[in-house]
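Reminder, nothing fancy here: chain letters follow the sequence lines and each chain counts from 1.
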Amino acid sequence: MARTLIKDVLTTPPTGQEITIGGWVRTVRNSKGGFSFLALNDGSTIAQLQVVADGKLPNYAAELVKLTAGCAVLATGTLVQSQGKGQTVELQATAVQVLGWADPEAYPIQPKKHTFEFLRTQAHLRARTNTFAAVTRIRNVVSMAIHDFFQQRGFIYVHTPIITASDCEGAGQMFRVTTLEANPPAGAPRPDPNDDFFGRPTYLTVSGQLEGETYACAMGNIYTFGPTFRAENSNTPRHLAEFWMVEPEMAFCDLEGDAETAEAFLKHIFRTALERCTKDLEFLSEHVDATVLPTLTAIVASDFERVTYTEAVALLEKSGRTWQYPVGWGTDLQTEHERYLTEEVFRKPVVVTHYPAAIKSFYMRLDDGTAPGRATVAAMDVLVPKIGELIGGSQREERLDVLLQRMAELKLRPEDYWWYLDLRRYGSVPHAGFGLGLERTLQFITGMANIRDVIPYPRAPRSAEF
RNA sequence: UCCCCGGUAGCUCAAUGGUGGAGCGUGCGGCUGUUAACCGCAAGGUUCUUGGUUCGAGUCCAAGCCGGGGAGCCA
């Protein structure tokens with residue numbers, strides 16, 4: 001069943017060559033003049049190829065006039081210039097084989113506009129729509145662009161574990177991994193975690209960072225790219241229970257280098273998407289969010305804004321706005337504050353740095369020379385319009401005594417982090433890294449409003465169908 | 001988890017407390033090198049569930065389930 005991808009067919013000059021394509025019928029227009037137009041899509045590109053099926057084909061009356069949306073066909077013919085408008089080339093079929101029928105009374109994907117809510121209930125078929133196919137192709141290109149960026153810079157791709165024993169950093173509720181009986185019979189003793197598969201409580205990872213740091217402190221620059229799990233009961237268009245995260249970690253790097261890498265990284269991703277997914281982005285710009293193309297184009301050409309947390313708070317305080325959540329040094333920035341900064345003040349991505357130590361994680365490096373009561377850490381968040389936080393990162397605390405002090409303040413037990421602390425005992429080095437949410441990045445690129453529409457099978461509270 | 005909105009034909013949506021409709025899709029017919037074609041006819045309903053108010057409930061009330069938006073948590 002050798003076939004040519006429609007993507008390639010459409011970029012080939014029509015010289016009457018014979019080709020075979022396989023695809024799914026989008027629309028059929030039967031002409032009583034004795035032939036039919038089949039619009040076929042094979043997923044390789046947003047565009048469809050028009051196949052002209054002549055009435056003289058042996059299975060024309062028996063099969064081809066009965067084709068409807070969703071049917072799978074294999075079409076062979078000659079590629080010619082189209083006589084009609086709307087397409088430059090078309091396939092003059094010499095044979096059309098129907099491989100799979102799709103009952104038109106039952107097939108859910110009608111040739112009409114469907115809501116994303118409805119298509120979420122048909123997640124196994126929604127990739128057959130233009131929008132989800134476009135998002136899927138962009139997700140592919142972005143994933144490869146992520147690897148490109150780091151590989152070109154000599155970063156080593158490291159696979160950190162999915163199953164972890166470290167209840168680390170309080171980065172959120174974790175999914176328990178166990179082989180113990182979920183519901184022991186009444187009266188039975190409670191299962192002991194020591195009897196569990198790993199001999200201790202284990203969870204799905206919420207971050208590969210701590211393990212990533214250990215490899216950065218041996219390999220120099222590394223990155224992880226894999227699934228991440230959060231058991232938070234978050235019901236928003238920006239959260240998933242299972243999502244993909246990219247986490248670079250760089251030895252011999254400070255916060256400044258971290259922020260520079262983050263900016264270059266995002267621009268590389270956006271630029272690659274613009275170059276390699278032009279048609280798909282044009283479609284999304286036309287049908288989903290008109291700001292997508294102009295925004296991406298502008299960002300690639302501009303510099304991200306940099307402000308410290310202290311400067312950001314000052315901007316919010318003098319905004320003249322009334323905030324639902326009060327603004328003041330020491331409180332975390334709320335969604336309304338972040339959106340104001342990135343959507344109204346700067347109108348582009350903003351890197352906010354040096355947050356108060358009290359509201360950030362234990363592993364972030366304590367800034368030197370801060371005023372009493374105003375301790376900050378070398379943290380950074382990259383905020384973008386609409387989506388909010390796309391990247392969160394920091395320079396890590398490399399000084400053993402300072403780190404132990406911070407852990408004591410937060411009542412973290414050093415023995416639980418013995419291997420993490422060893423990095424600070426043996427050849428400790430300034431290092432920094434960040435985490436990028438793949439799905440949020442895709443939301444920003446595609447303009448899709450709900451994160452559940454940029455991953456094939458979204459996992460969220462009470463939602464694990466398929 | 002909290003707040004707000006919603007759930008009616010396959011899909012998108014109408015319907016003063018008084019006989020549930022339209023567009024699209026589907027089926028049939030007509031027409032056409034057509035473009036999510038066009039014209040006509042037809043089929044298609046446990047109005048999310050349970051209970052309540054009422055002579056009478058899609059409509060009002062309560063609880064639950066599901067979906068969406070906002071918030072928190074974060075990526």
With [atom1] as the reference atom in both, quote the distance from [N] to [M] in angstrom, rounded to an integer.
N: B/G17; M: B/G25; atom1: C1'; result: 33 Å
N: B/A62; M: B/U26; atom1: P; result: 42 Å
N: B/U50; M: B/C11; atom1: C1'; result: 28 Å
N: B/A14; M: B/C60; atom1: P; result: 14 Å
N: B/G21; M: B/G72; atom1: C1'; result: 43 Å
N: B/C65; M: B/U49; atom1: P; result: 16 Å
N: B/A63; M: B/C4; atom1: P; result: 12 Å

Enumerate all atom pairs, one protein N or O and one N or O from nucleotides 40-49 of chain B, separated by less than 3.5 Å.
none

> How does each nucleotide of nucleotides 31-39 of chain B score, in 5' to 3' order, for protein heavy atoms under 4.0 Å: base (B), sugar-phosphate only (S), or none (-)?
Replying inline: BBBBBBS--
Identity of whatever pairs with [N] - Watson-Crick or G-U, under 3.5 angstrom:
N: B/C74; answer: none
N: B/G33; answer: none
N: B/A22; answer: B/U12
N: B/C60; answer: B/G52
N: B/G40; answer: B/C28
N: B/G6; answer: B/C66

> Got a sec, which pairs hit side-chain hydrogen bond (donor to acceptor under 3.5 Å, both in side chains) with one end in residues 108-122 of chain A, sequence neighbours left out?
Replying inline: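 Listed once each, the pairs are A/Arg120-A/Asp453.
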>> For residues 89-101 of chain A, which residue pairs pass the side-chain hydrogen bond (donor to acceptor under 3.5 Å, both in side chains) check, not counting sequence neighbours?
In response: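 As it turns out, the side-chain hydrogen bond (donor to acceptor under 3.5 Å, both in side chains) pairs with a partner in residues 89-101 of chain A, which skip direct neighbours, are A/Gln50-A/Glu90, A/Ser82-A/Glu90.
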> To the nearest Å, how far apart are A/Phe229 CZ and B/C74 C1'?
Replying inline: 16 Å
> How long is the line joining CE of A/Met380 and P of B/A75, in whole Å?
Replying inline: 11 Å
Centroid-centroid under 6.0 Å between [X] and [Y] rings:
X: A/His337; Y: A/Tyr325; result: no
X: A/Phe466; Y: A/His124; result: yes
X: A/Phe229; Y: A/Tyr203; result: no

List every contact pair, protein side and nucleotides 67-71 of chain B side both N or O, where the distance is under 3.5 Å.
unit_1, atom_1, unit_2, atom_2, d
B/G68, OP1, A/Arg120, NH1, 2.5
B/G69, OP1, A/Asn450, ND2, 3.3
B/G69, OP2, A/Asn450, ND2, 3.4
B/A71, O2', A/Tyr325, OH, 2.7

>> I want to verify a distance call: between B/A75, B/U26, B/C73, whose nearest atom is closest to the A/Glu232 side chain?
In response: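 Comparing B/A75, B/U26, B/C73 against the side chain of A/Glu232, the answer is B/C73.
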>> Walk me through whether A/Glu249 and A/Arg396 qualify under salt bridge (charged side-chain N to carboxylate O under 4.0 Å, His left out).
In response: CA-CA 10 Å; A/Glu249 193 70 35; A/Arg396 320 307 188 187; 2.9 Å; yes
>> Any donor-acceptor pair under 3.5 Å linking the side-chain atoms of A/Arg128 with those of A/Asn41?
In response: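 Looking only at side-chain atoms, A/Arg128 and A/Asn41 do not form any donor-acceptor pair under 3.5 Å.
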> With no hydrogens and no angle check, do the side chains of A/Thr310 and A/Trp329 hold a donor and an acceptor under 3.5 Å apart?
Replying inline: yes
>> With a 4.0 Å cut-off on N to O distance, would you call A/Arg139 and A/Glu439 a salt bridge?
In response: yes
> Hey, is A/Glu343 close enough to A/Arg347 for a salt bridge, meaning N to O under 4.0 Å?
Replying inline: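 Salt bridge: no.
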> Restricting to pairs with a member in residues 29-53 of chain A, which pass ring-ring contact (aromatic ring centres under 6.0 Å, His included), not counting sequence neighbours?
Replying inline: A/Phe35-A/Phe37
> In terms of ring plane angle, is the pair A/Tyr355 and A/Tyr309 parallel, tilted or perpendicular, where the classes change at 30° and 60°?
Replying inline: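 A/Tyr355 vs A/Tyr309 ring planes: tilted.
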